[in-house]
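Below: the structure, in structure tokens.
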Amino acid sequence: MARSPHMSSSRRLLARLRDIMAGGGRVQERLDQIVRAIANDLVAEVCSVYILRTGDVLELFANVGLLPEAVHRTRLRLGEGLIGVIAQRARSLALSDAQSHPAFAYRPETGEEIYHSLAGVPIIRTGRVIGVLAVQNRTRRQYTGEEIETLETIAMVTAEMIASSEVESGDDHPTLDGVTREPVSIDGLRLNGGLAMGLAVRHERRLKIEKLVAENPDAEKRRLERALAEMYGAIDEMLESDDLVQGGEHRDILEAYRMFAEDAGWLSRIDEAITSGLTAEAAVEKVRNDTRARFRSQTDPYLRERLHDFDDLAHRLLQHLVGREGMTGVVGPLPDDIILIARNMGPAELLDYDRTKLKGLVLEEGSATTHVAIVAKAFDIPVVGRATDILDVVNNLDPIVVDGDNADVHIRPTEEVRQVYAAALSARAVRLAAYASLRGEPAISTDGVRISLNINGGLLADIQDLQESGADGVGLYRTEIPFMARSDFPDVDQQAEIYTRVFDLAGDKPVVFRTLDVGGDKNLPYWREEDGENPALGWRAVRVALDRPSLMRHQMRALIRAAAGRPLTIMFPMITEVAEFDQARALLDLELELAVTRKRKLPEKLRVGTMLEVPALAFQLKSLLERADFISVGSNDLFQFLFASDRGSTRLADRYDTLAPAALAFLRRLVEECDAAGKPISLCGEIAGRPLEAMTLIGLGFRSLSMAPSSLGPVKAMVRSLAVGELTRYITALGTGSEHSLRENLREFARDHGVAV
Ligand code: PEP
Ligand code: MG
């Protein structure tokens with residue numbers, strides 16, 4: 001097959017670049033050689049590399065053709081001049097008469113007035129622009145699309161070279177990866193409290209691409225074809241094995257995804273990149289980088305979603321080309337104090353990190369209900385979400401402080417800030433030691449009221465610590481968490497295995513198994529459902545289970561099997577009306593009958609209860625309590641429905657208080673009705689883990705609470721310093737007035753009565 005002259009020129013240049021890179025040396029020397037090689041090969045009189053430095057300034061870093069004194073002196077802000085525009089838009093630009101362009105900014109020190117035409121391309125790495133590569137000519141030259149393509153390919157290789165080089169130290173905290181080195185503080189959203197200091201690790205689903213330049217494009221194309229075939233096969237398998245929602249919307253999504261994987265435009269761009277001399281993996285990465293750069297400037301949510309699909313596809317394809325072993329984030333060993341920084345991530349991905357080293361998590365996106373936050377909570381690490389654009393300013397291994405309580409992140413903190421937090425951390429360590437000493441002590445108030453304190457869990461690790469934690473049991477076992485940590489839907493055997501281990505680890509301590517609460521914002525990686533505009537009010541939890549009874553029955557079968565003669569406690573999430581409880585219960589009865597037919601050991605004792613998360617259910621409480629053995633209030637969901645206030649919304653986070661009169665009146669009513677019916681009530685939302693709120697709940701009559709394991713110590717200390725009788729009288733007298741919140745009154749009570757909140 002005849003090759004176009006452009007293709008051979010591109011490959012020749014890449015081969016030359018490979019030699020330059022293999023030759024080692026300082027970044028500066030190598031960039032100097034690169035610009036000379038490009039100018040030679042593309043017959044350009046000028047070739048320049050600009051690099052993004054501190055404060056969003058593009059500095060002329062290497063050049064041939066302009067006046068030598070311009071190097072390191074010429075600086076343009078993002079958006080300033082043609083170079084600044086290319087960087088800002090992350091788009092290539094080719095102009096036969098650059099000086100007549102409105103954005104042209106003349107810099108006398110460069111002597112560039114004699115050059116008329118200009119072609120420039122962004123240097124992009126992991127979706128971020130880190131510089132610009134440009135050529136100029138005296139004549140009014142029309143650069144061809146192929147020449148631009150060649151420049152883009154070279155820019156990609158240059159980006160890798162810059163990123164893998166030692167960062168040079170110098171005057172003004174220079175950076176070669178486009179990220180500033182100055183201290184930066186970012187406000188986010190509190191997803192989990194706590195405080196941590198450590199070193200930043202950017203969670204990038206990157207694959208280590210060892211070889212960028214290929215000798216034989218045909219061989220690379222064959223590799224690409226094989227990888228594509230493997231990837232198609234894997235997606236087809238996902239489609240076939242997807243017995244969860246056959247024919248449902250999920251299938252449509254997967255099918256659309258499969259269609260994208262065959263997108264002609266995407267494939268031909270990869271093909272072109274290989275033809276220009278890149279290896280198959282480098283070509284996929286190049287196209288992925290271009291897509292990501294576009295993604296960053298795209299505001300249309302639909303298009304963002306599609307671009308995200310292509311990003312995901314590229315990642316999958318790279319896995320087939322490089323293998324999972326090639327996955328890397330930080331080059332070299334991970335630090336002992338990892339502060340993980342991610343755009344967003346699934347819970348399974350968090351589990352890939354060494355739990356003992358993970359000290360904090362910061363997400364660019366994320367809300368309080370994202371499951372990675374729940375898993376992180378189980379790890380007892382501070383989590384800050386909505387840390388806008390943090391990935392633009394943080395480098396791997398930057399020192400970083402995560403203040404989960406105040407939702408602040410301090411990157412490269414000054415010595416003063418560092419010292420303040422170091423002091424806070426050691427004070428916290430002293431407090432934790434005090435809580436630890438309470439482990440063996442009972443949660444009894446000063447006037448002898450016993451409060452049952454339980455933990456919320458979902459990972460085996462949570463249950464592992466149950467015996468030493470001093471908790472009475474597991475008040476909420478979120479069964480969706482092990483589902484989320486997998487790459488496919490577990491069958492009955494696999495589920496039974498997980499639950500058996502939970503039973504074994506819990507020993508004689510009771511565990512409340514909540515049936516699957518997926519949908520809404522709790523997505524399984526292998527199951528994406530369109531859930532409309534209001535996922536929290538959508539097709540989720542027991543609503544899914546009742547529409548897909550086999551899903552619920554499989555889970556119950558697994559639970560009955562795992563209990564194997566031990567007591568079993570089951571709880572349904574998001575029950576909205578008694579009829580739903582009846583339907584769910586009927587499915588359980590079918591499974592019990594099946595167990596009898598199959599001569600399986602039945603649970604020694606069975607308790608079936610429900611979460612109370614939807615206000616409507618409170619108005620059917622009498623009938624509900626005739627059927628349910630207990631209720632557990634899910635205040636996270638309940639309050640968002642009660643106040644019509646999204647639990648993940650930053651804007652609304654402080655608008656309504658959990659200690660508002662309406663909330664307390666609602667809860668009091670629930671307790672009174674349960675007490676009258678002689679049925680136990682407990683509460684397992686976040687507020688159970690906050691001492692002041694927990695105190696209030698006890699004052700309202702709750703005697704059982706379930707919380708994140710890390711909250712046990714503070715809540716137990718509170719209980720042991722509290723006189724329940726006095727508090728009950730106080731709260732009753734307080735009544736329900738017109739105030740926005742009763743928080744201050746309750747805080748005052750605690751202060752006056754020496755309650756440790
Ligand atoms: C709740 O809604 O309060 C609850 C405990 O359930 P989850 O947080 O899992 O939705
Ligand atoms: Mg809930």
Side-chain angles (χ1 to χ4, degrees), residues 190-193 347 366-378 383 385 453-459 462 473-485 511-524 531 534-545 555 569-576 580-581 584 609-618 630-649 653 656 658 663 666-667 670 681-690 693-694 697 702 704-711 715:
R190 173 198 158 120
L191 298 187
N192 196 33
S367 69
T369 53
T370 40
H371 265 94
V372 68
I374 292 175
V375 174
K377 210 170 277 186
V383 186
L453 299 185
N454 302 276
I455 58 163
N456 296 344
L459 296 172
D462 301 327
V474 179
L476 167 65
Y477 179 78
R478 291 182 164 104
T479 57
E480 61 275 10
I481 291 186
F483 278 64
M484 289 187 303
V511 179
V512 180
F513 288 91
R514 179 175 75 181
T515 59
L516 209 55
D517 185 6
V518 290
D521 64 314
K522 298 174 187 176
N523 286 317
L524 305 179
D531 41 23
N534 291 309
L537 307 179
W539 195 56
R540 55 174 287 206
V542 81
R543 300 167 181 184
V544 175
Q555 188 171 35
T569 308
I570 290 181
M571 168 162 84
F572 305 121
M574 282 291 287
I575 294 276
T576 305
E580 281 178 345
F581 182 83
T610 171
M611 299 277 292
L612 195 141
E613 298 173 282
V614 184
L617 191 61
F630 62 93
I631 69 169
S632 183
V633 181
S635 51
N636 304 342
D637 275 313
L638 177 66
F639 286 176
Q640 74 166 338
F641 301 137
L642 199 59
F643 291 105
S645 166
D646 187 338
R647 76 194 220 185
S649 160
Y656 307 105
T658 45
F666 196 96
L667 293 175
L670 296 180
I681 179 168
S682 121
L683 188 143
C684 61
E686 291 305 305
I687 55 168
R690 297 191 206 133
E693 279 83 341
L697 293 170
F702 282 90
S704 168
L705 302 172
S706 194
M707 62 204 73
S710 56
S711 298
V715 172

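These numbers come from a predicted model, not from an experiment. Ligands are counted one by one from 1 in listed order, and the atoms in each one are counted from 1 as well. Side chains are part of it too, since the values below use all heavy atoms of this structure and drop only hydrogens, waters and symmetry mates.
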query: Would R540 and D517 pass as an ion pair if we require N to O under 4.0 Å?
result: yes
- request: Record the part of P573 in heavy-atom contact with ligand 1 below 4.0 Å; permitted values are side chain, backbone, both and neither.
  value: neither
- prompt: Would you say the side chains of Q555 and T479 form a donor-acceptor pair under 3.5 Å?
  reply: yes
E613, N/O/S atom nearest the Mg ion (ligand 2): OE2
- line: Ranking R514, E686, E480 by closest non-hydrogen atom to atom 6 (O) of ligand 1, top hit is R514
- prompt: Do the rings of Y656 and F643 sit parallel, tilted or perpendicular, given the 30° and 60° boundaries?
  reply: parallel
task: Among the N/O/S atoms of D637, select the one at the shortest distance from the Mg ion (ligand 2) and name it.
output: OD2
Of the listed options L683, L638, I687, N636, closest to atom 3 (O) of ligand 1 (non-hydrogen atoms): N636
Heavy-atom closest pair, residues F630 and M571: CE1-SD, 3.8 Å
- prompt: Of all residues at least two apart in sequence or in a different chain, which pass the side chain to side chain donor-acceptor pair (under 3.5 Å) check with E580?
  reply: none
query: What pairs with R543 under side chain to side chain donor-acceptor pair (under 3.5 Å), at least two apart in sequence or on another chain?
result: T576
task: Please report the shortest heavy-atom distance between V518 and E480, naming the atom on each side.
output: CG1-CB, 4.0 Å
message: Only heavy atoms of M611, strictly under 4.0 Å: list the atoms of ligand 1 that pass.
response: 4 (C), 5 (C), 6 (O)
- line: Near D637 (heavy-atom distance under 4.0 Å), the atoms of ligand 1 are 1 (C), 2 (O), 3 (O), 10 (O)
field: Ligand-side contact atoms (ligand 1) for residue partner S635, heavy atom cut-off under 4.0 Å
entry: 3 (O)
- request: Classify the contact between L476 and ligand 1 as side chain, backbone, both or neither, using a heavy-atom distance cut-off of under 4.0 Å.
  value: side chain
- prompt: Which atoms of ligand 1 have any heavy atom of G685 under 4.0 Å away?
  reply: 3 (O)
